[in-house]
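Here's the structure, in structure tokens; my notes come after.
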Amino acid sequence: MVEKIVRSIPSGSVMTYGEVALRAGHPAASRAVGNIMSRNNDETVPCHRVIRAGGKVGGYNGIRGGKSKIELLREEGYLLWI
DNA sequence: ATAATGACGTGAT
DNA sequence: AATCACGCCATTA
């Protein structure tokens, strides 16, 4: 389950959608993974730790008000921008 | 049950 | 390096 996988991502580390999909047993469900997260944003699942391949951040649910994925990742120490 | 969608990925231009 | 097009899968309408 993607949910479980993402939940097991340690702070300070990130995992690509492809990796999550692979770990979930679906090597080519990278897209579906993102889709699942988008509809299912659980507080128990740090979906902000899931980024695109190549280290690109990708999208997020919050591009609206709160903190962006980048902000959260920076808080955790992965993206040390600036 | 079928069609359309999207927080992706890779390869080709 | 940047952009375009195609493929793939699960969810949703």
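Computed from a predicted structure; not experimentally measured. In what follows, chains are A, B, ... by sequence order, proteins preceding strands, each numbered from 1.
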Phosphate OP1/OP2 of dC8(C) contacted by H26(A) side-chain N/O (<4.0 Å):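 Checking H26(A) against dC8(C): no side-chain N or O falls below 4.0 Å of OP1 or OP2.
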Do side-chain atoms of [X] reach the backbone of [Y] as a donor and acceptor pair under 3.5 angstrom?
X: R49(A); Y: I9(A); answer: yes
X: T16(A); Y: E19(A); answer: yes
X: K69(A); Y: V50(A); answer: yes

Set of side-chain contact (heavy atoms from CB on, under 4.5 Å) partners for S38(A), sequence neighbours left out: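 S38(A) satisfies side-chain contact (heavy atoms from CB on, under 4.5 Å) with N35(A) once adjacent residues are dropped.
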Step-by-step side chain to side chain donor-acceptor pair (under 3.5 Å) determination, E76(A) to H48(A): CA-CA 10 Å; E76(A) 295 187 349; H48(A) 60 268; 2.9 Å; yes
Spatial distance of atom OG (S8(A)) from atom CE (M1(A)) [nearest 0.5 Å]: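 Here the interatomic distance stands at 13.0 Å.
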For nucleotides 7-10 of chain B, print each protein N/O atom paired with a nucleotide N/O atom at under 3.5 Å, atom names and distance only.
from   : atom 1 : to     : atom 2 : distance (Å)
dA7(B) : N7     : S38(A) : N      : 2.9
dA7(B) : N6     : M37(A) : O      : 3.0
dA7(B) : N3     : Y17(A) : OH     : 2.9
dA7(B) : N3     : G59(A) : O      : 3.4
dC8(B) : N3     : R31(A) : NE     : 3.4
dC8(B) : N4     : R31(A) : NE     : 3.2
dC8(B) : N4     : R31(A) : NH1    : 3.0
dC8(B) : N4     : R31(A) : NH2    : 2.4
dG9(B) : OP1    : G18(A) : N      : 3.4
dG9(B) : OP1    : A53(A) : N      : 3.3
dG9(B) : OP2    : R52(A) : NE     : 3.3
dG9(B) : OP2    : A53(A) : N      : 2.8

Shared hydrophobic cluster, Y17(A) / V2(A) (ILVMFWY, side-chain heavy atoms < 4.5 Å):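 As far as the 4.5 Å side-chain criterion goes, V2(A) and Y17(A) are connected within one cluster.
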Those residues of residues 3-14 of chain A lying under 4.0 Å from DNA chain B by at least one heavy atom: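 Those residues whose heavy atoms fall under 4.0 Å from DNA chain B, taken from residues 3-14 of chain A, amount to none.
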Nearest-Å distance for atom pair CD1/P, residues I36(A) and dC8(C):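 Answer to the nearest Å: 18 Å.
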Residue that, paired with P46(A), satisfies side-chain contact (heavy atoms from CB on, under 4.5 Å) out of V14(A), V6(A), L72(A), L73(A):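 Exactly one candidate clears the test, V6(A).
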